[in-house]
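I have placed the structure first, in the form of structure tokens, so that the comments after it can refer back to it.
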Amino acid sequence: MSYNPLNYLTYKWEEVEDVGVLIVKIIKCIDLPEADTIIGSSDPFCFIEVENTRVRTPTLYKTQDPVWNKQFKFNIKDIHSTLNIRVFDEERNKYNFLGCVKLLSWRLTQFTDVCLKTGNWKE
């Protein structure tokens, strides 16, 4: 079979080979805003997204300093993929946005620590 540089246009996403693996460890948040103003705390959790994969940490109730220590593994097909980490407060029928960080996966090294500062930021 001869090489055709345009053949990549006919591949389905599932057929594209992985270029690597990204391991993300969500350790903790410190001093999150009080989303539940009556109680004076939050019920935080994180969504972690890379390419077409989304995972979620468990919700930790009534804390502004949650500690998850959860590790997630993502197979990377595109070196330009974005790692999105979003922190929310869980309510009965909605999620309140607390903060987010977006990073290009190719800029991450073997050990990259990221600190997300929340506050009066808008998504």
Side-chain angles (χ1 to χ4, degrees):
M1 186 162 109
S2 64
Y3 173 74
N4 181 348
L6 298 179
N7 275 346
Y8 73 93
L9 295 175
T10 63
Y11 289 137
K12 295 179 183 174
W13 183 252
E14 299 82 26
E15 297 172 344
V16 176
E17 292 186 26
D18 295 342
V19 295
V21 173
L22 178 64
I23 297 174
V24 177
K25 186 170 185 180
I26 304 297
I27 299 172
K28 65 182 177 180
C29 290
I30 299 171
D31 199 24
L32 287 173
E34 294 177 1
D36 302 330
T37 54
I38 295 172
I39 300 171
S41 67
S42 295
D43 303 323
F45 70 92
C46 297
F47 279 127
I48 303 96
E49 298 172 284
V50 177
E51 294 177 352
N52 294 325
T53 304
R54 176 195 264 184
V55 294
R56 178 186 163 158
T57 64
T59 301
L60 299 179
Y61 295 96
K62 297 181 179 158
T63 181
Q64 289 176 259
D65 302 306
V67 178
W68 289 285
N69 281 324
K70 296 289 182 184
Q71 185 168 296
F72 302 95
K73 178 181 172 184
F74 298 92
N75 293 322
I76 303 297
K77 295 181 184 295
D78 180 358
I79 63 169
H80 299 288
S81 297
T82 303
L83 166 66
N84 296 305
I85 303 171
R86 297 171 187 233
V87 183
F88 291 91
D89 172 66
E90 184 177 290
E91 292 297 326
R92 287 189 182 129
N93 55 2
K94 66 177 181 173
Y95 300 148
N96 295 321
F97 177 77
L98 296 177
C100 73
V101 64
K102 296 181 182 187
L103 303 165
L104 294 173
S105 61
W106 65 269
R107 297 198 66 187
L108 300 174
T109 60
Q110 185 174 1
F111 300 102
T112 301
D113 292 338
V114 176
C115 179
L116 165 67
K117 180 168 175 54
T118 61
N120 295 326
W121 295 2
K122 297 291 181 188
E123 183 175 20

Rounded at 0.5 Å granularity, tell me how far CG in Leu22 sits from CD1 in Ile76. 5.0 Å

As a test of understanding, state which of Val87, Ile26, Asn69 forms a side-chain contact (heavy atoms from CB on, under 4.5 Å) with Thr57. Ile26

Please work out whether the ring planes of Phe47 and Phe45 are parallel, tilted or perpendicular, with thresholds of 30° and 60°. perpendicular

Roughly how far apart are His80 NE2 and Leu104 CG, rounded to 0.5 Å? 9.0 Å

Is there side-chain contact between Cys100 and Asn84, with heavy atoms separated by less than 4.5 Å? no

With sequence neighbours excluded, residues passing side chain to side chain donor-acceptor pair (under 3.5 Å) with Gln64: none

Least distance between heavy atoms, Ala35 atom then Ser42 atom: N-OG, 3.1 Å

With rounding to the nearest 0.5 angstrom, report the CZ to CZ distance, Phe72 to Arg54. 12.5 Å

Distance from Glu51 atom CD to Leu83 atom CG, nearest 0.5 Å? 11.0 Å

To the nearest 0.5 angstrom, please state how far the CD atom of Gln71 sits from the CD1 atom of Ile48. 11.5 Å

Can you name the salt bridge (Lys or Arg N to Asp or Glu O under 4.0 Å) partners of Glu90, sequence neighbours left out? Arg56

Interatomic distance, SG@Cys46 vs CD1@Ile85, rounded to 0.5 Å, equals 7.0 Å

Are Lys94 and Asn96 close enough that some pair of their side-chain heavy atoms sits under 4.5 Å apart? yes

Checking Ser41 now: which residues fulfil side chain to side chain contact (heavy atoms under 4.5 Å, CB included) with it, not counting sequence neighbours? Ile39, Lys62

